[in-house]
Amino acid sequence: MAAAAVVVANGSKEEERRGGGGIDGPTNPMVTPLLTDLYQFTMAYAYWKAGKHNERAVFDLYFRKSPFGGEYTVFAGLEECIRLIANFRFTEDEIAFIQASLPSSCEIGFYNYLRGIDCSDVEIHAISEGYVVFPKIPLMRIEGPVAVVQLLETPLVNLINYASLVATNAARHRFVAGKSKLLLEFGLRRAQGPDGGIGASKYCYMGGFDATSNVAAGKLFGIPLRGTHSHAFVSSFMSPDEITEKSLQSCDGSNVCEDFVSLVQSWLSKLKWSQVLGGIFGETNQSELAAFMSYALAFPINFLALVDTYDVMRSGVPNFCAVALALNDLGYRAVGIRLDSGDLAYQSCEARKFFLTIEKEFGVPEFGRIGITASNDLNEETLDALNKQGHEIDAFGIGTHLVTCYAQPALGVVFKLVEINKQPRIKLSEDVSKVSIPCKKRSYRLYGKEGYPLVDIMTGENEPSPKVGERILCRHPFNESKRAYVVPQRVEELMKCFWPGRSGKEREDLPPIKVIRQRCIEQLDLMRPDHMRRLNPTPYKVSVSAKLYDFIHFLWLNEAPVGELQ
């Protein structure tokens with residue numbers, strides 16, 4: 001089937017690029033067949049010129065080392081890859097640009113060949129998105145005409161690399177923070193451009209965060225949104241006199257408080273003259289109080305205040321409490337406070353004491369459990385330090401270090417040819433970690449008696465599958481002394497067919513992001529704690545079958561040139 005439809009007058013590129021199998025195109029409109037490196041086109045032309053372009057090739061997409069000094073990675077980005085593959089066709093504009101970019105000596109027939117390209121003869125097997133994955137194990141196996149698959153290399157690597165990296169970063173932050181804390185992604189303003197910001201919000205949610213401040217991501221992916229106000233809002237007020245509309249209807253609608261400002265001020269006076277609380281603060285900042293009252297009048301159900309614009313305990317917290325108590329009189333419950341600077345552990349503990357004292361002193365049920373959110377350049381290390389110090393923080397807003405993956409900027413995904421025309425291929429290197437594992441393979445996860453994964457094992461495509469209760473020899477791909485027998489209590493095949501091409505295989509569905517997020521949480525819960533810990537984690541074992549081990553080393557010796565001593 002011709003890849004490019006005839007362009008109707010005034011038709012758009014999206015109309016020209018016909019959909020595939022009912023699957024929408026990539027979320028980011030910049031993800032097109034041109035989102036690739038020039039050498040993919042030069043290789044495609046050379047394949048075509050040599051008559052090799054339709055030779056059946058198999059490539060593995062994988063990574064060599066888990067990020068952030070850890071021992072696991074969260075696989076993300078698969079759905080966007082399938083969206084690209086389902087809609088992979090060149091428009092006439094794109095073909096014209098490629099023709100202008102390649103040497104004039106390239107034959108016109110090549111561009112006619114590009115017009116007919118799609119991924120109908122490409123087959124994609126992959127691990128399910130949201131799974132915990134490990135180095136060397138193929139995340140995706142891409143099979144098809146060599147020139148077409150080569151053109152897919154760069155965009156597939158691009159779509160998997162950052163997605164998996166930031167999802168892993170999110171999972172690591174979740175592990176340190178603990179399951180009970182609310183994690184909010186606040187990174188849009190610091191992300192690497194709009195596409196980086198959108199991707200970060202999506203994959204942080206997938207990796208275990210609860211909500212985002214990114215409104216566009218909320219609309220695109222259905223991610224819950226969170227956000228209140230900044231220091232600018234607080235400092236924009238001068239005094240309570242600025243508040244002209246002072247009335248507020250009660251939560252149940254039964255009455256109206258005509259002067260909410262006076263109600264707040266009376267509560268502030270009670271707090272100030274309380275025998276228990278009086279020594280903590282004197283005169284609070286009235287412009288801050290005005291800002292809090294104004295915000296509460298606008299959002300009585302969702303009142304959360306940033307309390308560190310002037311002084312947390314001498315102004316911010318007392319002012320917040322006065323407004324929260326006034327809201328409580330009208331049947332509303334304040335959400336909480338946000339701390340954005342200073343000693344977060346100490347301030348959270350002092351704020352909690354203040355709330356608990358009010359609950360006891362004034363008989364306000366549950367006031368002591370009002371939420372405390374912290375932000376301010378948080379990362380894994382600061383979360384760990386806060387845990388060790390002891391704190392009363394319920395939610396963390398994390399931005400820069402999370403979305404930029406400040407601790408490690410790239411995952412290092414690679415895309416290697418492992419078979420062509422049913423002939424296994426290997427890439428050799430003096431650096432053993434860069435030697436590829438040849439041939440078309442299957443991957444399995446073997447589980448032990450306690451339910452934890454013990455080892456991932458790769459086998460040749462036609463080898464028998466490992467069986468429960470069977471004694472299996474698992475070998476390190478390159479180190480002959482590292483080997484162990486495993487008797488699995490459960491065996492899980494990792495790769496499934498997500499794009500069958502012309503194979504006739506059943507295609508796996510692409511689940512919604514909330515399902516992938518839940519899968520990720522369950523996967524992380526399955527892992528043994530020593531593999532997950534932040535410092536000095538136990539390495540997870542990745543192995544090959546005895547038969548595949550022997551074949552790797554046979555091919556290695558066969559392909560490596562023999563030196564000659566003079």
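Hydrogens, waters and symmetry mates play no part in the numbers below; they use all other heavy atoms, side chains included.
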Novice: For the NZ atom on Lys49, are there more than 12 heavy atoms of other groups (residues, nucleotides or ligands in this structure) within a distance under 6.0 Å?
Specialist: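 No, not enclosed.
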Novice: In sequence, state the C-alpha distance, the side-chain angles, and the governing distance for Leu524 and Tyr72, and then conclude on side-chain contact (heavy atoms from CB on, under 4.5 Å).
Specialist: CA-CA 9 Å; Leu524 293 164; Tyr72 69 93; 3.8 Å; yes
Novice: For residues 401-414, which residue pairs pass the salt bridge (charged side-chain N to carboxylate O under 4.0 Å, His left out) check, not counting sequence neighbours?
Specialist: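 Residue pairs with at least one partner in residues 401-414: there are none.
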Novice: Is there a donor-acceptor contact under 3.5 Å from the side chain of Asp37 to the main chain of Gln40?
Specialist: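 Checked: no pair found.
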Novice: Measuring from atom CG of Leu35 to atom CG of Leu84, what distance do you get when rounded to the nearest 0.5 angstrom?
Specialist: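 Going from the CG atom of Leu35 to the CG atom of Leu84 covers 8.0 Å.
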Novice: Not counting sequence neighbours, list each pair that qualifies as a ring-ring contact (aromatic ring centres under 6.0 Å, His included) and has a residue in residues 500-535.
Specialist: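 Of all non-adjacent pairs touching residues 500-535, those that pass ring-ring contact (aromatic ring centres under 6.0 Å, His included) are His531-Tyr540.
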Novice: Distance-only, no hydrogens or angles: does the Glu129 side chain make a donor-acceptor pair with backbone N or O of Gly77 under 3.5 Å?
Specialist: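 Side chain of Glu129 to backbone of Gly77, a donor-acceptor pair under 3.5 Å: yes, one is there.
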Novice: Does Ser543 reach the main-chain N or O of Asp456 with its side chain, forming a donor-acceptor pair under 3.5 Å?
Specialist: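 Present.
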Novice: To the nearest 0.5 Å, how far apart are OG1 in Thr73 and CD1 in Ile160?
Specialist: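 If I round to the nearest 0.5 Å, the distance is 12.0 Å.
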Novice: Verify whether the ring centers belonging to Tyr295 and Phe233 lie closer than 6.0 Å.
Specialist: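 Between Phe233 and Tyr295, which both carry aromatic rings, the centre distance is below 6.0 Å.
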Novice: Minimum heavy-atom separation for Phe90 to Leu114, with atom names?
Specialist: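 Residues Phe90 and Leu114, closest heavy atoms: CD1-O, 3.6 Å.
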Novice: Heavy-atom count check: over 12 atoms from other residues, nucleotides or ligands less than 6.0 Å from Lys440 NZ?
Specialist: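 Yes, enclosed.
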Novice: Has Asn87 got a side-chain atom pairing as donor or acceptor with Asp24's backbone, closer than 3.5 angstrom?
Specialist: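 The answer is yes, because a donor-acceptor pair under 3.5 Å joins these two groups.
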Novice: Please determine, by modelled atom types, if Arg115 and Asn112 share a side-chain donor-acceptor pair under 3.5 angstrom.
Specialist: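 Asn112 and Arg115 do have a side-chain donor-acceptor pair below 3.5 Å.
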Novice: Is the side chain of Asn161 donor-acceptor paired with the backbone N or O of Ala410 at a distance under 3.5 Å, no angle test?
Specialist: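 A pair under 3.5 Å: no.
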Novice: For the rings on Tyr45 and Phe41, is their centre-to-centre separation under 6.0 Å?
Specialist: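 Tyr45 vs Phe41: aromatic centres not under 6.0 Å.
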Novice: What I want to check is whether the side chains of Ser433 and Asp431 have a donor and an acceptor closer together than 3.5 Å.
Specialist: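 Present: a donor and an acceptor within the cut-off.
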Novice: If you round to the nearest 0.5 Å, how far is CD of Glu94 from CD of Glu92?
Specialist: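 These two atoms lie 10.0 Å from each other.
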Novice: Indicate whether the side chain of Glu492 and that of Tyr131 have a donor and an acceptor atom separated by less than 3.5 Å.
Specialist: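 There is such a pair between these side chains.
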Novice: Are Thr538 and Glu71 close enough that a side-chain donor and a side-chain acceptor fall under 3.5 Å?
Specialist: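 Not at all, the side chains of Thr538 and Glu71 share no donor-acceptor pair under 3.5 Å.
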Novice: So among Leu386, Leu383, Asn387, which one has a side-chain contact (heavy atoms from CB on, under 4.5 Å) with Ile393?
Specialist: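 Only match with Ile393 under side-chain contact (heavy atoms from CB on, under 4.5 Å): Leu386.
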Novice: Salt bridge check, Arg141 against Asp60: does any charged N sit closer than 4.0 Å to a carboxylate O?
Specialist: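 Salt bridge between Asp60 and Arg141, a charged N being under 4.0 Å from a carboxylate O: no.
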Novice: Side chains of residues 300-309: which donor-acceptor pairs under 3.5 Å do they make with residues two or more places apart or in other chains?
Specialist:
{"residue": "Asp308", "atom": "OD1", "partner": "His231", "partner atom": "NE2", "Å": "2.7"}
{"residue": "Asp308", "atom": "OD2", "partner": "Asp340", "partner atom": "N", "Å": "3.2"}
{"residue": "Asp308", "atom": "OD2", "partner": "Ser341", "partner atom": "N", "Å": "3.0"}
{"residue": "Asp308", "atom": "OD2", "partner": "Ser341", "partner atom": "OG", "Å": "2.6"}

Novice: Just grab all the side-chain hydrogen bond (donor to acceptor under 3.5 Å, both in side chains) pairs involving residues 509-521, residues at least two apart or on different chains.
Specialist: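 Of all non-adjacent pairs touching residues 509-521, those that pass side-chain hydrogen bond (donor to acceptor under 3.5 Å, both in side chains) are Asp210-Arg517, Gln518-Glu522.
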Novice: Start with the C-alpha distance between Ile85 and Leu156, add both sets of side-chain angles, then the distance that settles side-chain contact (heavy atoms from CB on, under 4.5 Å), and finish with yes or no.
Specialist: CA-CA 9 Å; Ile85 287 161; Leu156 295 187; 4.2 Å; yes
Novice: So, does Ser164 use its side chain to make a donor-acceptor pair with the main chain of Ala76 at under 3.5 Å?
Specialist: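 A pair under 3.5 Å: yes.
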Novice: Please state whether the rings of His229 and Phe292 are parallel, tilted or perpendicular, taking 30° and 60° as the class boundaries.
Specialist: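 Answer is tilted, since the angle falls between 30° and 60°.
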Novice: Let's go through Leu61 and Val157 carefully: what are the C-alpha distance in whole Å and the side-chain angles of both, what is the deciding distance for side-chain contact (heavy atoms from CB on, under 4.5 Å) to 0.1 Å, and is it a yes or a no?
Specialist: CA-CA 7 Å; Leu61 184 150; Val157 170; 4.2 Å; yes
Novice: Using the test salt bridge (Lys or Arg N to Asp or Glu O under 4.0 Å), find all partners of Arg226 that sit at least two apart in sequence or belong to another chain.
Specialist: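 For Arg226, no residue satisfies salt bridge (Lys or Arg N to Asp or Glu O under 4.0 Å) once neighbours in sequence are set aside.
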Novice: From Asn169 CG over to Cys204 SG, what is the distance, rounded to the nearest 0.5 angstrom?
Specialist: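 Here the interatomic distance stands at 7.0 Å.
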Novice: Side chain of Glu107, backbone of Gly109: donor and acceptor closer than 3.5 Å?
Specialist: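 No, Glu107 side chain to Gly109 backbone: no donor-acceptor pair under 3.5 Å.
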Novice: Can you tell me how far NZ of Lys202 sits from CD of Glu79, rounded to the nearest 0.5 angstrom?
Specialist: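 Rounded to the nearest 0.5 Å, the CD-NZ separation comes out at 4.5 Å.
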Novice: Which atom names give the shortest non-hydrogen contact between Ile223 and Ser201, and what distance separates them?
Specialist: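 Scanning both residues, the minimum pair turns out to be CD1-O, 3.5 Å.
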Novice: I need the full list of salt bridge (charged side-chain N to carboxylate O under 4.0 Å, His left out) pairs touching residues 149-161, with sequence neighbours left out, sorted by first then second residue.
Specialist: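 Listed by first then second residue: nothing to list.
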Novice: Give me each pair satisfying ring-ring contact (aromatic ring centres under 6.0 Å, His included) with a member in residues 393-413, each pair once, sequence neighbours excluded.
Specialist: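 Checked against ring-ring contact (aromatic ring centres under 6.0 Å, His included) - neighbours excluded - the pairs reaching residues 393-413 are His391-Phe396, His401-Tyr406.
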Novice: Kindly say whether Ala44 contributes a backbone atom to a donor-acceptor pair with the side chain of Gln150 at under 3.5 angstrom?
Specialist: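 No; judged by distance alone, with no hydrogens or angles, the pair does not exist.
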Novice: Would you list the pairs meeting ring-ring contact (aromatic ring centres under 6.0 Å, His included) in which at least one residue belongs to residues 137-189, sequence neighbours left out?
Specialist: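 Passing the test, one end in residues 137-189: no pairs.
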Novice: Sort and list the pairs that fulfil salt bridge (charged side-chain N to carboxylate O under 4.0 Å, His left out) and have at least one residue in residues 523-536, not counting sequence neighbours.
Specialist: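 Qualifying pairs: Lys179-Asp525, Glu381-Arg534, Asp384-Arg534, Arg528-Asp530.
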Novice: For Asn536, I'd like to know if atom CG has over 12 heavy atoms of other residues, nucleotides or ligands within 6.0 Å.
Specialist: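 Open: at most 12 neighbouring heavy atoms sit under 6.0 Å from CG of Asn536.
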Novice: So, using salt bridge (Lys or Arg N to Asp or Glu O under 4.0 Å) as the criterion, who are the partners of Lys434 when residues are at least two apart?
Specialist: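 Per chain and number, Lys434 pairs via salt bridge (Lys or Arg N to Asp or Glu O under 4.0 Å) with no residue.
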Novice: CZ/Phe88 to CG/Leu152 distance, rounded to the nearest 0.5 angstrom?
Specialist: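 One gets 5.0 Å once the value is rounded to the nearest 0.5 Å.
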Novice: Checking Thr382 side chain against Leu378 main chain: does a donor-acceptor pair fall under 3.5 Å?
Specialist: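 Here the side-chain-to-backbone pair does not exist.
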Novice: Any sub-3.5 Å donor-acceptor pair from Arg507's side-chain atoms to Gly504's backbone N or O?
Specialist: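 Checking the backbone N and O of Gly504 against the side chain of Arg507, no donor-acceptor pair under 3.5 Å is found.
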Novice: Can you label the angle between the Phe110 ring and the Tyr113 ring as parallel, tilted or perpendicular, going by 30° and 60°?
Specialist: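 Taking Tyr113 first and then Phe110, their aromatic rings sit tilted (interplane angle of 30° to 60°).
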Novice: What pair of heavy atoms forms the shortest contact from Leu188 to Gly197, and how long is it?
Specialist: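 The answer is CD1-CA, 3.9 Å.
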Novice: List for me each residue that meets side-chain hydrogen bond (donor to acceptor under 3.5 Å, both in side chains) alongside Arg190, sequence neighbours excluded, and say none if there are none.
Specialist: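 With neighbours one apart ignored, the set is Thr400.
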Novice: Nearest heavy-atom pair of Lys505 and Pro500: which atoms, and what distance?
Specialist: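 Smallest interatomic distance, heavy atoms only, reads O-CB, 3.3 Å.
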Novice: Holding to side-chain hydrogen bond (donor to acceptor under 3.5 Å, both in side chains), I want the full list of residues that pass it with Ser104, two or more places apart in sequence or in another chain.
Specialist: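 Counting only residues at least two positions away or on another chain, Ser104 forms no side-chain hydrogen bond (donor to acceptor under 3.5 Å, both in side chains).
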Novice: Would you check, one step at a time, whether the test side-chain hydrogen bond (donor to acceptor under 3.5 Å, both in side chains) holds for Thr91 with Asp93?
Specialist: CA-CA 5 Å; Thr91 66; Asp93 280 352; 5.4 Å; no
Novice: Regarding Arg502 and Glu123, does a basic nitrogen lie under 4.0 Å from an acidic carboxylate oxygen?
Specialist: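 So Arg502 does not pair with Glu123 through a salt bridge.
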